[in-house]
Amino acid sequence: MELADTYTSDEMMSIAAARQLSNNQICFIGIGLPSKAANLARRLHAPDLIMIYESGTLGAKPTKLPLSIGDGELAETADTIVSVPEIFNYLLQPGKIDIGFLGAAQIDRYANLNSTVIGDYNKPSVRLPGAGGAPEIASSSKRVIVMLRQSTKSFVDTLPFVTSVGFGAGPGDREKLGLKGAGPVMVITDLGVLEPDSDTRELVLTHIHPNIAVEKVIESTGWKLRIANQLKVTESPTASELDAIRSLVSAGK
Amino acid sequence: MELADTYTSDEMMSIAAARQLSNNQICFIGIGLPSKAANLARRLHAPDLIMIYESGTLGAKPTKLPLSIGDGELAETADTIVSVPEIFNYLLQPGKIDIGFLGAAQIDRYANLNSTVIGDYNKPSVRLPGAGGAPEIASSSKRVIVMLRQSTKSFVDTLPFVTSVGFGAGPGDREKLGLKGAGPVMVITDLGVLEPDSDTRELVLTHIHPNIAVEKVIESTGWKLRIANQLKVTESPTASELDAIRSLVSAGK
Amino acid sequence: MAEIVSLQEGIGSLLKNGDTVALEGFTHLIPMSAGHEIIRQRFEELTVVRLTPDLISDQLIGSGCVKKLVFSWGGNPGVGSLHRFRDAVEHGWPHPLEIDEHSHAGLTNRFVAGASGLPFAVMRGYRGTGLDMFTATVAPITCPFTGEELRAVAAINPDLSVIHAQRADRNGNVQLWGITGVQKEAVLAGRKSLVTVEEIVEELDPRPGDVIIPTWLITAVAVSPGGSRPSYAAGYYQRDNDFYIAWDTISRDRETFLSWMKDNVL
Amino acid sequence: MAEIVSLQEGIGSLLKNGDTVALEGFTHLIPMSAGHEIIRQRFEELTVVRLTPDLISDQLIGSGCVKKLVFSWGGNPGVGSLHRFRDAVEHGWPHPLEIDEHSHAGLTNRFVAGASGLPFAVMRGYRGTGLDMFTATVAPITCPFTGEELRAVAAINPDLSVIHAQRADRNGNVQLWGITGVQKEAVLAGRKSLVTVEEIVEELDPRPGDVIIPTWLITAVAVSPGGSRPSYAAGYYQRDNDFYIAWDTISRDRETFLSWMKDNVL
């Protein structure tokens, strides 16, 4: 068990996320952290996870981590490839996607996401890449899982820009905005797992990863973080989980 | 020239229509008379006529007359096949079609067409097949050519139902209705050819087929037919035209 | 994931009286055997949606299964009238038939809207035609950018969409090729879907021009060899044009029709 | 019918200063060589439309060709920032860059509307996001049947649409396969279109999953082998992921960028 005793917080995050996915789920995968976690799940317990990338590849089965959402191997291993209009209009918009799996630069307590700018929109201090598929993945997937590393820079009290709506300003907002999916059901970070409170929709820390202090999570959050009454500790990575993630990463080199 | 001396009025109609088509025109073909004329043109002077059928076959090159707009041979000989949404939304609607080639059960003096009902819509004496692709072929093709046999039953003063708009109630109506194409530029019958007057948009007899009396055309029209000042006589079918149409028809058996 | 079922089970479990059922297939791959199964199971009060109601719709109507027809061209292609359809509209036999009538472009866009999870689609069309006045599923809409008036058509989301395809694999992934019409949109728009196929194969080797519908978009798949006859299935059998011509005679008379149905379908 | 031209002629004759030009290709088949030709011919004041402005857009922006960028995701895929894009937005270098920013779904539907000859398309999206507030090409629209509020996105019809494809035949019919993105829609939406291809072949033998764009929908075709590098062309060459990573360093500094452009493009 030495392997399992030494792992990075990024590895823990990917493994915790991978565990949320299961066979035959239809999963719309953002590039970066989500793609890594989904491909990890496919190597572990969910070989029949159905991965959808916004490039139009349906059921891609890459053997290594793709650098972009349109890598050749995604196309070559897909069950079929559809056009980009079809991905968004025929698959995402009507709610055929079980899980939208997103990263972001910033998140607020209602799981709204920013991947557009830091600072003023018209004169940003940092211009980020922007929306891509995220706003509609967030609004139309049946459920959304978000992954991002936790810090006061990323977990902020007020977003400078809402790229993708989580729960808006709280209960009832998704319905008011006509957003069809249930929204973010889970935010997985390098420190723990947050889930929306069923009444207030505010994110609550429900799981903490092994060897992480609650204070560390609180300090890494830009708002007064609520902690679940029954805070659980994430199960440590198993040797086979760590094996799988390390061979996945090295195959991607 | 004996061949050319004996031909039917239907043969004359098909040949007159075929003469209107030329190579590299993109032609949206209705089934029946238009399909026959277009395939005749391909056998004669327009082998590179680009035939589009509403089934989605682009550039079909059938060797025999198709019975339906979706016959296997149309699919097998097409340059490519697209979906029905694509045919209507991406090719017809934006005006990529040069010539819309239509039949109908009835026509009025402004070249509006009926293929829906005879009698009252809710209690018709004859229920016809209906619109199919015709309304949008008539509205969105750059130009429209209509073919139908001339009689007081088909050339009527008032249509019981407007399935496809020609010139509506006269000048300016197409523009008012937002119809993008120029509308019907020619109506080819078994007796002659009618064209819209450039001012009034009313159909005027401009060509009469050989050996047809003007009185016969007038009697076969359900309104007071206007005759062009310079009425021309259609050129008689040539031997090769008749050869071509007869071999086309027999190949279709 | 699609379940592999018998045609009888598929129709029996997925359809109920009063449902809206789309039967799609544009000249090619018409789901005839599924239509026959609907008739054999004596479903009633159905709203049938089909761009080109042809022989199968004529049989469904003449057999009394259909309350309402949503369509855009109701004829026997290249032959003439659909006599059972005409008899229902003109004389109310076997009972009156409601219709909701569109152009191909309009009904196609109703399926596109349904497949897209939208309540409507926008198009150029209908303006100035009689169609515009006799259906409640078309309405004016104004472009918020240009002020141009266009037409909205209401989405259609059938309770059950039925298509026929060449093949499926054991997991229920479906492959069709040739003229594929609005079949993909019909399946996607359906609340449930049934695909009949010529055969189930080990692997769907890719074909030029093929459309793959993944199993996770389909409710059930049923094997039904020859399920499109007298329509055709490219790569399997040709269109039986002679039967289309013969249907004109069979269907013209009520008694001849009923006796043919009894001998050939029931 | 498409004319077969050189890349230089194609860009030179079809584009002019101030035009709106779409350069499409979703990760795969990005029209890099056409972008380089635009830079070499020193076009100015262009509005560049592209879902995923990546290296080619970075180069166009850094070279001063671009007045306005219409886009939905401006990054170096899997690597990080587009530094020339950021420098233009954050510091106005080499001059200020206007932006019209969308989601992929939104910009895709703007192409779909353009391709469909409609002034707008309807979608679920934008509501509740900041994007909704910072673009003039999105507007509320109400369903005339259900009363639901949705979003309309304005059609985009570029003066010139440029894509790269694997092959064309001598008549200018184009064939592409693999990930085909919104390329068909971009070509159809364009008032003019230029397709660069890896090669011209005698006959376009059908390929599974291929998209054929008939010559009569294209203005010009130019042969440009390797025209997508460092992006890829399925069946011809692979994506040069190392170069995408290297671009991060090359583009980070203005001088390094300019010197690389001088050595490699101009």
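Only heavy atoms go into these numbers, but all of them, side chains included; no hydrogens, no water, no symmetry mates. Below, chains carry the letters A, B, ... as their sequence lines are ordered, and counting in each starts from 1.
Atom NZ of Lys142(B) sits in a crowded spot, with more than 12 heavy atoms from other residues, nucleotides or ligands closer than 6.0 Å.
Ion pairing of Arg170(D) with Glu202(D) is present here, as a side-chain N (NZ or NE/NH1/NH2) and a carboxylate O approach within less than 4.0 Å.
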Pair Arg110(D), Leu51(D) - check side-chain contact (heavy atoms from CB on, under 4.5 Å), show working. CA-CA 11 Å; Arg110(D) 295 189 62 193; Leu51(D) 262 70; over 6 Å; no
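Counting only heavy atoms from C-beta outward, the side chains of Asp100(D) and Thr137(D) approach each other to under 4.5 Å.
Comparing Pro206(D), Gly117(D), Pro214(D) by heavy-atom pairs within less than 4.5 Å of chain B, the highest count is held by Gly117(D). Across Ala189(D), Gly114(D), Ala115(D), the residue that shares the most heavy-atom pairs under 4.5 angstrom with chain B is Ala115(D). Put simply, of Leu217(D), Val211(D), Leu204(D), Asn173(D), the one with the most heavy-atom pairs under 4.5 Å next to chain B is Leu217(D).
In this structure, no portion of Leu92(B) lies under 4.5 Å from any heavy atom of chain D.
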